[in-house]
Amino acid sequence: MRITLIYDDEVRKKDLIASHGFSCLVEAHGKMILFDTGANGSILLHNMERLSIDPTLVEEVFISHAHGDHIGGLSDFLRVNPVKVYVPQSCSRPRGAEVIKVSKPLKLHENIFSTGELRGIEQSLAVKTEKGLVVVVGCSHPGVRNILKAASKFGEPYAIVGGLHGFKEFDLLKDLGLVCPCHCTYFKSKIRDLYPEKCIVGEAGVIITL
Ligand SMILES: [Zn+2]
Ligand SMILES: [Zn+2]
């Protein structure tokens, strides 16, 4: 499995554009899923090009929640590649494309799941791997504790990757093997200092191979 961070508030490589928002490409079990689309479609497509990701090869888009910094790039992306989009139930966009509204936990494919919409706002993507479950999150508005609990019905959580907005229950990370705090995480350096052996600070251009 591989996760490529495409869109983030920070960048690792200088030819990428930093912008408040989040998007990553999840390649797992033979699928290519774009998780969130950042705030701006031109920046999303620019960064994809710089990372040698062909947008026409993406098979599905998974939107964590309807905040502009996660869904803003969607319409531009769908113009390039009109694929199926999974959105949480409460999301009123997009219109026209093939949209699957998710409320309950859902199996997208063999070994790939949605937690379902939590707290009426956000869904997370959970991928089974040999090491355990890899949980990809947008902003973690429902709370990391609730997300990990919801995901754990699909397996033992091993990794969490994405925005950890307002998160400070650092003990929750102690049983995980990998944490990649991105985007809106307040306490990135604190998490890195507490768990240097398992923390990869997320920035556009970072590639995580599991
Ligand atoms: Zn948000
Ligand atoms: Zn956000």
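Every number for a ligand or one of its atoms is a count from 1 in the order of the listing.
Checked by atom type, the side-chain pair His109/His29 shows no donor-acceptor distance below 3.5 Å.
Checked by atom type and distance alone, the side chain of Thr185 never pairs as donor or acceptor with a backbone atom of Phe187 at under 3.5 Å.
Among the atoms of Cys184, none of the N, O or S atoms falls under 2.8 Å from the Zn ion (ligand 1). Inclusion of His70 in the first shell of the Zn ion (ligand 2) is supported: an N, O or S atom falls under 2.8 Å. Between the Zn ion (ligand 1) and His141 there is an N/O/S contact shorter than 2.8 Å. The Zn ion (ligand 1) has an N, O or S atom of His67 closer than 2.8 Å.
Considering just the N/O/S atoms of Asp69, the one nearest the Zn ion (ligand 2) carries the name OD2.
To the nearest 10 degrees, the Zn ion (ligand 2) sees NE2 of His183 and SG of Cys139 at an angle of 110°.
Contact detail for Ser124 and Ile147: the closest heavy-atom pair is OG-CG2, 3.5 Å.
The closest side-chain heavy-atom distance from Met48 to Val58 is below 4.5 Å. Looking at heavy atoms from C-beta onward, His183 lies out of side-chain contact with Tyr7 at the 4.5 angstrom threshold.
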